[in-house]
Amino acid sequence: MASPMRAMMLGSRALRCLRVIGLQRSYVTASDRRDVTFKLGEKTAHSSLDLFKKDTGIIYRMLGIDPSKIPQNPERFQEWAVVLGDTSMSNGRYYWEVTVKKSNEFRIGVADADMSRDECIGVNNRSWVFAYSHRKWHGMVANKTIPITNIGHPSKVGLLLDYDNGKLSLVDSEKGSLIHTLNANFRGPVLPAFGLWDGELLTHSGLDVPDNL
C-alpha cells in the first residue's frame with residue numbers, strides 16, 4: 001500500500017496531468033474557431049453593384065455603370081450581379097453576418113475562388129448559397145433548390161462555414177441557432193459570395209464563431 005506522502009505526490013501528478021490535458025483540449029478547440037475579416041472585392045463586382053461603407057456593403061443599381069467605363073479584368077462577373085469577398089477561407093470554422101432587411105432578392109454563401117465568372121452563384125457545383133426571393137428562402141447547390149421554411153425575413157442572418165466537415169449553415173443571429181445546413185464538397189479555398197437584384201446588403205465580418213454553434 002502506498003504511503004500517505006506517496007499518495008499525495010501521485011495525486012498531485014495526476015492533477016497536473018489533467019490540467020495539461022484540459023489545456024490541450026481547450027487549445028485544439030480554440031484553434032478550430034477562426035474569425036475572418038473581409039471586404040467586398042471591387043474587382044469582382046458586376047457593373048450593376050455599387051460598394052459602400054468602406055467596401056462592406058453593396059447596393060443594386062438597375063441601370064448600373066456603363067461596362068465600358070469600368071476596369072475590365074478576368075475576375076469580374078460579366079453577366080450576373082455578383083461580388084465576392086477579398087479573403088479566402090480553408091481549414092477550420094468561420095462565421096460572419098449579413099444585414100438583409102433592405103433587400104427582397106439576394107443570394108449569400110461561399111464560392112470557389114476560381115469559379116467561372118460567366119456563371120451565377122448557386123447554379124453550379126462551385127458555389128453554395130442561401131437565396132431569398134418572392135418572400136421565400138431556399139438553399140442552392142448546382143442549380144438545385146431546397147425550400148427553407150419558418151424563417152420569414154429577418155433583418156440580419158449569420159453564415160457559419162465548417163470547411164473541414166464540408167458544411168455551410170444559415171444561422172438565426174438573434175437566437176444563435178442553426179436554421180439550415182448545406183453539405184458541400186470543397187476543392188480548395190472559398191470566398192464569401194453575394195448576389196443582389198434588389199436593395200442593399202451589409203456584411204459584418206471579424207466575428208468569433210458563437211460558442212453554442
Side-chain angles (χ1 to χ4, degrees), residues 33-42 44-46 48-61 77 80-89 92-113 115 120-123 127-141 145-163 167-182 184 189-210 212-213:
R33 295 170 177 265
R34 305 180 180 183
D35 61 4
V36 58
T37 300
F38 64 84
K39 292 186 177 181
L40 302 172
E42 190 281 331
T44 69
H46 184 263
S48 64
L49 300 178
D50 283 346
L51 307 187
F52 72 101
K53 204 165 185 179
K54 298 182 178 180
D55 295 346
T56 62
I58 44 174
I59 297 176
Y60 175 74
R61 308 290 189 189
F77 284 85
W80 303 94
V82 172
V83 62
L84 302 179
D86 64 358
T87 302
S88 64
M89 298 170 288
R93 304 173 76 223
Y94 306 82
Y95 178 77
W96 62 99
E97 295 180 345
V98 186
T99 297
V100 299
K101 64 181 179 180
K102 293 185 178 181
S103 176
N104 289 308
E105 188 172 1
F106 56 84
R107 297 177 187 178
I108 54 177
V110 298
D112 285 346
M115 75 162 281
C120 188
I121 55 174
V123 303
S127 56
W128 302 264
V129 303
F130 295 100
Y132 182 80
S133 180
H134 303 292
R135 299 182 180 180
K136 295 180 180 179
W137 284 88
H138 293 85
M140 292 188 68
V141 180
T145 60
I146 306 101
I148 303 173
T149 58
N150 301 322
I151 176 175
H153 191 183
S155 61
K156 184 190 297 183
V157 295
L159 290 172
L160 174 65
L161 172 66
D162 185 346
Y163 187 96
K167 296 181 182 298
L168 178 69
S169 298
L170 184 65
V171 177
D172 184 323
S173 57
E174 290 188 359
K175 298 179 180 178
S177 59
L178 299 182
I179 297 171
H180 190 85
T181 298
L182 298 174
V190 296
L191 301 169
F194 308 87
L196 182 65
W197 295 272
D198 171 75
E200 65 183 64
L201 299 175
L202 182 63
T203 66
H204 310 274
S205 63
L207 306 175
D208 291 332
V209 177
N212 58 324
L213 296 179

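For the pair Gly206 and Thr37, the tightest heavy-atom approach, listed with the atom from each and the gap, is CA-OG1, 3.3 Å. When all heavy atoms are compared, the tightest approach of Pro147 to Thr145 is CD-O, 3.9 Å. Counting all heavy atoms, side chain and backbone alike, Asn212 lies closest to Lys175 at ND2-O, 4.3 Å. Considering all non-hydrogen atoms of both residues, Pro189 and Tyr163 come closest at N-OH, 4.1 Å. Between Leu84 and Phe77, the shortest heavy-atom contact is CG-CE1, 3.7 Å. Scanning both residues, Glu105 and Leu196, for their nearest heavy atoms gives O-CD1, 3.8 Å.
Ser205 places a side-chain N or O within donor-acceptor distance of the main-chain N or O of Phe38, the cut-off being under 3.5 Å. With hydrogens and angles disregarded, a donor-acceptor distance shorter than 3.5 Å links the side chain of Ser103 to the backbone of Asp198. Remark: side-chain polar atoms of Arg107 are not paired, donor with acceptor, to backbone N or O of Gly122 under 3.5 angstrom.
For Tyr132, the ring-ring contact (aromatic ring centres under 6.0 Å, His included) partners are Phe106, Trp137, His153, not counting sequence neighbours. Shown here are the side-chain hydrogen bond (donor to acceptor under 3.5 Å, both in side chains) partners of Lys39, two or more places apart in sequence or in another chain: there are none. Scanning for side-chain hydrogen bond (donor to acceptor under 3.5 Å, both in side chains) contacts around Asp112 gives Arg126, with sequence neighbours left out. By the salt bridge (charged side-chain N to carboxylate O under 4.0 Å, His left out) test, Lys156 pairs with Glu97, sequence neighbours left out. For the side-chain hydrogen bond (donor to acceptor under 3.5 Å, both in side chains) test, residues two or more places apart in sequence or in another chain that qualify with Ser169 are Thr181. With sequence neighbours excluded, the residues satisfying side-chain contact (heavy atoms from CB on, under 4.5 Å) with Glu174 are Asp172.
With respect to Leu51, the side chain to side chain contact (heavy atoms under 4.5 Å, CB included) criterion is satisfied by exactly one of Thr56, Ile59, Ile58: Ile58. Of the options Leu160, Ile179, Leu159, a side chain to side chain contact (heavy atoms under 4.5 Å, CB included) to Val171 is made by Leu160 and by none of the others.
Contact annotation: the side chain of His46 never approaches that of Val82 to less than 4.5 Å [non-hydrogen atoms, C-beta and beyond]. Residues Ile151 and Leu170 meet the side-chain proximity criterion, which asks for heavy atoms closer than 4.5 Å. Looking only at side-chain heavy atoms (C-beta outward), Thr44 and Leu191 stay at 4.5 Å or farther from each other. A heavy-atom distance below 4.5 Å is found between the side chains of Phe130 and Leu182. Between His204 and Ser173, the closest side-chain pair of non-hydrogen atoms is not below 4.5 Å. When side chains are defined from C-beta on, Leu207 does not count as touching Asp35, because their heavy atoms never get closer than 4.5 Å. Counting heavy atoms from C-beta outward, Val98 and Phe194 have side chains that approach closer than 4.5 Å. With contacts defined as side-chain heavy-atom distances shorter than 4.5 Å, the pair Thr203/Trp96 does not qualify.
Heavy-atom contacts from other residues, nucleotides or ligands closer than 6.0 Å to CH2 of Trp197 number more than 12.
Here CG of Asp50 is found 11.0 Å from CD of Glu200. Values are rounded to the nearest 0.5 Å. Rounding to the nearest 0.5 angstrom, the gap separating the NZ atom in Lys167 from the CG atom in Leu161 is 12.0 Å. Annotation: the span from Ile146 atom CD1 to Met140 atom CE amounts to 8.5 Å, rounded to 0.5 Å. The CG atom of Leu202 sits 5.0 Å away from the CZ atom of Phe52 when rounded to the nearest 0.5 Å. To the nearest 0.5 Å, atom CG of residue Asn150 and atom NE2 of residue His180 are 13.0 Å apart.
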Asp55 and Asp86: CA distance, side-chain angles, deciding distance, side-chain contact (heavy atoms from CB on, under 4.5 Å) verdict: CA-CA 10 Å; Asp55 295 346; Asp86 64 358; over 6 Å; no
